[in-house]
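Computation of the quantities below employed the complete heavy-atom set of this structure, encompassing side-chain atoms and omitting hydrogens, waters and symmetry-equivalent molecules. Heads up: numbering here begins at 1 and tracks the sequence.
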Amino acid sequence: MKAVRYHGPGQPFRLEEVDRREPEAGEVLVRVAASGVCHTELHFKSGLLNLGVAPVTMGHEVVGRIEAVGEGVSLDRVDERVIIYYYLGCLECAYCRVGDEHLCPNLRAEYGFISDGGYAEYITVPARNAVPLPAMVPDVEAAPIGCGVTTAVHAATLAEPKVGEWVVVYGVGGVGFGLVQLARATGVRTIAVGRSAAKLDKALELGAEIAVNASEEAAAERIRGITGGAGADVVYECVGTEESMKEASAALGRRGRLVFVGYSPDSFTVHPIQLVVFEQKVIGSVGATLNDLYEAVDLVERGVVRTIIDRTLPLEQFQSGLNALERGELVGRAVLAPGR
Ligand SMILES: [Zn+2]
Ligand SMILES: [Zn+2]
């Protein structure tokens with residue numbers, strides 16, 4: 001089958017012919033219908049994220065149809081439409097035992113990271129990692145649920161914004177659009193910050209109350225103004241550059257929670273006196289739990305959150321999707337559709 005593979009930091013991804021892995025006991029073989037292009041792939045390519053495993057097939061926002069099952073998996077699951085949960089923890093450690101599989105120190109697999117992912121015609125995963133997808137959510141629209149929406153759900157779980165609080169979504173990409181919609185649905189007041197008028201317009205359409213264009217005005221100052229000087233209760237940092245981190249932390253109010261979702265090569269600097277006197281929290285949020293994925297699928301099925309697709313590309317055109325993402329051109333996701 002065809003697969004797009006990572007060969008180590010700084011090296012280009014390559015479209016290759018590889019062997020398909022047949023399902024072993026407890027596994028399912030999924031024919032991939034749609035695979036979202038995430039910023040993480042750019043971090044792999046640049047070398048910023050280096051997990052030391054290569055070659056490996058990229059892609060962790062994966063939707064498809066079960067084509068075959070391994071021993072012990074019900075044949076009823078053949079033909080089922082599924083979305084992949086990309087972590088496979090040891091299922092025994094203290095983190096796995098409470099469902100925090102994304103924090104497992106002994107991951108058995110992480111599809112699209114250290115294990116072969118969905119930039120391919122097929123993916124093979126344990127049956128429990130193939131989560132049923134409702135018929136009303138089409139393949140391409142479903143793909144970004146796998147990381148974009150789940151990451152938003154997880155970050156919101158950690159930040160715990162309360163009704164009436166001011167939340168800033170700094171960065172309006174795949175995760176940012178999810179966060180804006182979750183905020184709207186939970187009665188939170190939302191300010192979207194970005195540098196692209198098109199993406200900010202989309203954020204407003206999805207329920208952000210105010211959009212701030214960081215290329216035209218000082219974001220923190222504007223957020224202070226909007227919140228009557230108090231600052232934001234929650235800032236989701238989905239960008240992670242020196243400039244965005246500075247503005248995000250300057251925009252944070254008393255008992256504010258700064259939640260890091262995105263990152264870049266830049267480091268975060270803040271004087272502790274700010275955290276001390278305002279009792280602020282700095283939180284990191286990575287990936288999601290299996291339960292977050294079930295939650296995310298439910299949110300999309302109920303229409304609470306919708307995914308935004310910029311374009312659909314055949315697998316062979318993965319590079320044009322990555323380039324567009326890198327240039328900041330995409331409003332929403334680029335989704336690869338193998339077999340199209
Ligand atoms: Zn991702
Ligand atoms: Zn574990």
Side-chain angles (χ1 to χ4, degrees), residues 1-8 13-36 38 40-41 44 51-133 139 142-143 145-147 150 287-294 297 315 336-339:
M1 66 164 181
K2 287 188 194 115
V4 174
R5 311 203 94 199
Y6 161 79
H7 284 271
F13 298 156
R14 290 205 296 261
L15 179 71
E16 291 165 10
E17 197 65 38
V18 296
D19 286 338
R20 182 177 94 178
R21 196 168 71 74
E22 298 307 316
E24 292 173 18
E27 289 186 324
V28 295
L29 174 73
V30 176
R31 186 181 187 100
V32 178
S35 200
C38 174
T40 300
E41 278 89 81
F44 266 104
L51 300 175
V53 180
V56 70
T57 302
M58 292 282 94
H60 56 274
E61 282 189 340
V62 193
V63 165
R65 197 176 292 270
I66 294 179
E67 215 169 82
V69 298
E71 200 190 312
V73 180
S74 167
L75 278 169
D76 293 348
R77 295 208 63 184
V78 173
D79 274 344
E80 190 180 278
R81 289 178 65 246
V82 293
I83 181 162
I84 306 303
Y85 176 59
Y86 62 82
Y87 290 99
L88 177 59
C90 71
L91 307 182
E92 287 169 4
C93 74
Y95 300 97
C96 286
R97 287 202 300 270
V98 296
D100 283 334
E101 208 173 328
H102 62 301
L103 294 178
C104 176
N106 306 306
L107 282 177
R108 285 195 275 162
E110 192 181 1
Y111 302 101
F113 291 80
I114 57 171
S115 320
D116 288 335
Y119 278 21
E121 290 174 277
Y122 290 90
I123 185 170
T124 310
V125 299
R128 48 88 71 177
N129 284 64
V131 171
L133 206 52
D139 293 337
I145 298 173
C147 167
T150 56
T289 65
L290 178 59
N291 194 56
D292 291 330
L293 176 55
Y294 275 89
V297 168
L315 185 63
L336 304 176

Full working for side-chain contact (heavy atoms from CB on, under 4.5 Å) between Thr289 and Glu101: CA-CA 6 Å; Thr289 65; Glu101 208 173 328; over 6 Å; no
Pairwise side-chain contact, Val30 with Ile84, heavy-atom cut-off 4.5 Å (strictly under): yes
Nearest-0.5 Å distance that lies between atom CD1 in Ile123 and atom CZ in Arg21: 9.0 Å
Distance (rounded to the nearest 0.5 Å) between Asn106 CG and Glu92 CD: 9.0 Å
Interatomic distance, Leu103 atom CG to Cys93 atom SG [nearest 0.5 angstrom]: 8.5 Å
Rounded distance [0.5 Å steps], CD in Glu121 versus CD in Glu67: 10.5 Å
Pairwise side-chain contact, Val297 with Leu133, heavy-atom cut-off 4.5 Å (strictly under): yes
Evaluation steps, side-chain contact (heavy atoms from CB on, under 4.5 Å), between Val69 and Val78: CA-CA 7 Å; Val69 298; Val78 173; 4.1 Å; yes
Shortest non-hydrogen contact between Glu41 and Gly36, atoms and distance: OE1-O, 3.8 Å
Non-hydrogen atoms of Gly287 and Tyr86 that approach each other most closely: CA-OH, 3.5 Å
Member of Tyr119, Tyr85, Phe113, Tyr111 meeting the ring-ring contact (aromatic ring centres under 6.0 Å, His included) criterion with His60: Phe113
Pairwise distance CD(Glu16) to CE(Met1) - rounded to 0.5 angstrom: 11.0 Å
Note, Thr150 side chain near His102 side chain (heavy atom, < 4.5 Å): no
Glu27/Arg108 ion pair, N-O < 4.0 Å: no
Least distance between heavy atoms, Pro132 atom then Glu80 atom: CG-OE2, 3.9 Å
Flag side-chain contact, heavy atom, 4.5 Å: Leu107 against Leu88: no
Nearest heavy-atom neighbours spanning Ala120 and Thr57: CB-CG2, 4.0 Å
Tyr95, OH: over 12 other non-hydrogen atoms inside 6.0 angstrom: no
Heavy-atom check, side chain of Thr40 versus side chain of Met58, under 4.5 Å: no
Exercise: identify the closest heavy-atom pair between Thr124 and Pro23: CG2-CA, 3.7 Å
pair Val131-Val82: side-chain heavy atoms closer than 4.5 Å: no
Within 6.0 angstrom of Glu17 CD, more than 12 heavy atoms from elsewhere: yes
Test item: Arg20 and Leu29 side chains (from C-beta on) under 4.5 Å apart, heavy atoms: yes
Heavy-atom pair with the smallest gap, counting every atom of Ile83 and Ala143: CD1-O, 4.2 Å
